[in-house]
Amino acid sequence: MSTSTAAAATAQDDTGKRTLLVGSVMLATLMQALDTTIANVALPDMQGSLSATQDQVSWVLTSYIVAAAILTPVTGWPAGSAAAAC
């Protein structure tokens with residue numbers, strides 16, 4: 001096996017890993033947006049079912065957004081470490 005063939009195989013393998021990483025990040029972002037939309041659409045139904053005020057039900061969405069804001073940097077560090085390893 002020549003040096004150029006080995007280098008080409010390594011470059012192709014790195015491209016595959018990078019594509020998988022980018023696809024995973026895009027899928028996670030899509031799921032986050034979808035989950036937020038679902039929670040937002042469910043608020044009026046929750047308000048009617050629980051006989052709650054708008055202020056009481058809005059805490060559901062606020063809590064969800066706060067949890068996402070806290071977990072984003074926490075999950076960013078291992079993702080950065082995994083990307084550096086690729």
Enquirer: For Gln47 and Ala52, which heavy atoms make the closest approach, and how far apart are they?
Expert: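 So the two residues come closest at CG-O, 3.0 Å.
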Enquirer: Looking only at heavy atoms, which two atoms of Leu61 and Thr36 are closest? And how far apart?
Expert: CD1-O, 4.2 Å
Enquirer: Atom CG of Asp45 and atom CG of Leu50: how far apart are they, to the nearest 0.5 Å?
Expert: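 Separation between the atoms: 8.5 Å.
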Enquirer: Are Val57 and Val66 connected in the hydrophobic side-chain network, where two residues link if heavy atoms are under 4.5 Å apart?
Expert: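 Val57 and Val66: separate clusters.
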Enquirer: Would you mind telling me which of Asn40, Leu34, Val41 makes a side-chain contact (heavy atoms from CB on, under 4.5 Å) with Ile38?
Expert: Leu34
Enquirer: Begin from the C-alpha positions of Met26 and Leu30 and carry the test side chain to side chain contact (heavy atoms under 4.5 Å, CB included) through to its verdict.
Expert: CA-CA 6 Å; Met26 290 173 60; Leu30 176 68; over 6 Å; no
Enquirer: Could you tell me whether a side-chain N or O of Ser58 sits under 3.5 Å from a main-chain N or O of Asp55, the two making a donor and an acceptor?
Expert: yes
Enquirer: Between CH2 of Trp59 and OG1 of Thr53, what distance do you get to the nearest 0.5 Å?
Expert: 11.5 Å
Enquirer: Under 4.5 Å between side-chain heavy atoms, hopping through other hydrophobics if needed: is there a path connecting Val25 to Leu71?
Expert: no
